[in-house]
Chemist: 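Dropping a structure here in structure tokens format, bear with me for questions.
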Amino acid sequence: MSQSSVSIFVKGIRKAFGATMALDGITMAFSSGTMHGVIGPEGTGKTTLMRIVLGLLKPTAGTIEFNRDGERVDFEAVRPGVAYMPQSQSLYPDLSVGEHLDFFSALYGLPDNIYRKRREDLLRITRLGEFIDRPAGQLSGGMYKKLGLMCALLRSPNVMLLDEPTTGVDPISRREFWELIYGLLDQGILVIITTAYMDEAERCGNVHLMENGKVVAEGEPRKLLEWEGVRSFDELFLKRSRHE
């Protein structure tokens, strides 16, 4: 894995879809080696933000800046080290777990010796080794999400963007998925995860609470709760909503 340190700076991003303002002046800083949680209900602009960061959408206004090892670079310079797991994972239902890994290895152009080692490691940490021959269409929701994460991690990224990865999975699978994500931080990866689950905010190193396309609060979870005088992010969200 490359040891490059990548940070992302979102500056005054606005995105309009017709008369609807999906993002209204968003400014955020995402630092390397940190798990950043973008938290908010459905329709608040989280996925739109992720797609703009990836260059899949153009903002109406504002800029996205990328720093690698302290120097500003274009997105193309960091693109090979960016992995994205979309909210609606597009896996192939007839392909097995092993066939998916083979396919994405070929897509990323991984040398066979590197691929075999990463494949072994990923199957071990996800505990999907015994399901190597099972088609994706026959996996449980939690295993399906793990397979999507494995396919993204094969390229050994510096930046991991996860768009609501725990939506629709059972509590045990959610916990296991978070354990996998924590493992990424030991490798110095920048992780940005979006979620509508308020309880997941406290699992992050830094949180950015969004509502109606705006940032309403951000900071280190426990300090933010103390500063706002609330016990949970549900309470914080309600408090901020009343002030709007």
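We use all heavy atoms of the structure for the numbers below, so side chains are in, but hydrogens, waters and symmetry mates are not.
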Chemist: Regarding T166 and E200, do their side chains bring together a donor and an acceptor under 3.5 Å, going by distance alone?
Modeler: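 Per modelled atom types, T166 and E200 side chains form a pair under 3.5 Å.
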Chemist: Give a yes or no on whether the backbone of R203 and the side-chain of Y182 come within a donor-acceptor separation of less than 3.5 Å.
Modeler: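 Yes, because the side chain of Y182 sits within donor-acceptor range (under 3.5 Å) of the backbone of R203.
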Chemist: Between H36 and F30, what is the ring plane arrangement, given parallel below 30°, perpendicular above 60°, and tilted in between?
Modeler: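 Aromatic pair H36/F30 classed perpendicular.
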Chemist: Show the nearest heavy-atom pair for residues L147 and A136, with the distance to one decimal.
Modeler: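 Distance-wise, the nearest heavy atoms are CD2-CB, 4.0 Å.
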Chemist: Enumerate the residue pairs fulfilling ring-ring contact (aromatic ring centres under 6.0 Å, His included) with a member in residues 145-176, sequence neighbours excluded, ordered by first and then second residue.
Modeler: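 The answer is none; no pair qualifies.
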Chemist: Looking at every heavy atom in both L224 and A217, which two are closest together, and how far apart are they?
Modeler: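 Heavy atoms of L224 and A217 come nearest at CD2-CB, 4.3 Å.
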Chemist: Only pairs at least two apart or in different chains count here, so list each salt bridge (Lys or Arg N to Asp or Glu O under 4.0 Å) that has a residue in residues 28-46.
Modeler: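 Qualifying pairs: K46-E164.
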Chemist: State whether E65 and K11 are salt-bridged, where the test is any N-O pair (Lys NZ or Arg NE/NH1/NH2 against Asp/Glu carboxylate O) under 4.0 Å.
Modeler: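 Between K11 and E65 there is a salt bridge, with a charged N closer than 4.0 Å to a carboxylate O.
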Chemist: Assess the side chains of D170 and S173: does a donor N or O sit below 3.5 Å from an acceptor N or O?
Modeler: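 S173 and D170 do have a side-chain donor-acceptor pair below 3.5 Å.
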Chemist: Per the side chain to side chain donor-acceptor pair (under 3.5 Å) rule, what does the pair list look like for residues 14-26, sequence neighbours excluded?
Modeler: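 Non-adjacent pairs meeting side chain to side chain donor-acceptor pair (under 3.5 Å): R14-D24.
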Chemist: Look at D199 together with R174 and state whether they make a salt bridge at an N to O cut-off of under 4.0 Å.
Modeler: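 Here D199 pairs with R174 in a salt bridge, since their nearest N and O are under 4.0 Å apart.
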Chemist: Does R51 make a cation-pi contact with Y84, if we ask for NZ or CZ under 6.0 Å from the ring centre and within 45° of the axis?
Modeler: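 No; the conditions do not both hold, so R51 does not lie above the ring face of Y84.
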Chemist: Nearest heavy-atom pair of L139 and R134: which atoms, and what distance?
Modeler: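 In terms of heavy atoms, the two residues are closest at CD2-CD, 3.6 Å.
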Chemist: Aromatic contact between F103 and Y92, with the criterion being ring centroids under 6.0 Å apart: yes or no?
Modeler: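 Yes, ring centres under 6.0 Å apart.
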Chemist: Partners of T34 by side-chain hydrogen bond (donor to acceptor under 3.5 Å, both in side chains), sequence neighbours excluded?
Modeler: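 With sequence neighbours excluded, T34 shows a side-chain hydrogen bond (donor to acceptor under 3.5 Å, both in side chains) to S31, given in chain and number order.
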Chemist: By the side chain to side chain donor-acceptor pair (under 3.5 Å) test, which pairs, at least two apart or in different chains, include something from residues 137-149?
Modeler: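 Listed once each, the pairs are K146-E176.
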Chemist: Could you work out, with salt bridge (charged side-chain N to carboxylate O under 4.0 Å, His left out) as the rule, every residue matching D234, not counting sequence neighbours?
Modeler: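 D234 satisfies salt bridge (charged side-chain N to carboxylate O under 4.0 Å, His left out) with no residue once adjacent residues are dropped.
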Chemist: May I ask you to decide if the ring planes of F104 and H100 are parallel, tilted or perpendicular, using 30° and 60° as cut-offs?
Modeler: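 Answer is parallel, since the angle falls under 30°.
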Chemist: So, taking the atom named CD1 in I181 and the one named CE in M85, what distance separates them when rounded to the nearest 0.5 Å?
Modeler: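 That separation rounds to 8.0 Å.
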Chemist: Hey, is R118 close enough to D121 for a salt bridge, meaning N to O under 4.0 Å?
Modeler: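 Between D121 and R118 there is no salt bridge, as every charged N stays at least 4.0 Å from the carboxylate O atoms.
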Chemist: Pick from L209, L236, T44: which one makes a side-chain contact (heavy atoms from CB on, under 4.5 Å) with V216?
Modeler: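 Of all the options given, the one that passes is L209.
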Chemist: Quick check against the 3.5 Å criterion: does S105 have a side-chain atom that pairs as donor or acceptor with the backbone of L101?
Modeler: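 No, the answer is negative, given that no donor and acceptor are paired below the 3.5 Å cut-off.
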Chemist: Say whether T47 and D163, considering side chains only, have a donor N or O and an acceptor N or O under 3.5 Å apart.
Modeler: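 The answer is yes; a qualifying pair exists.
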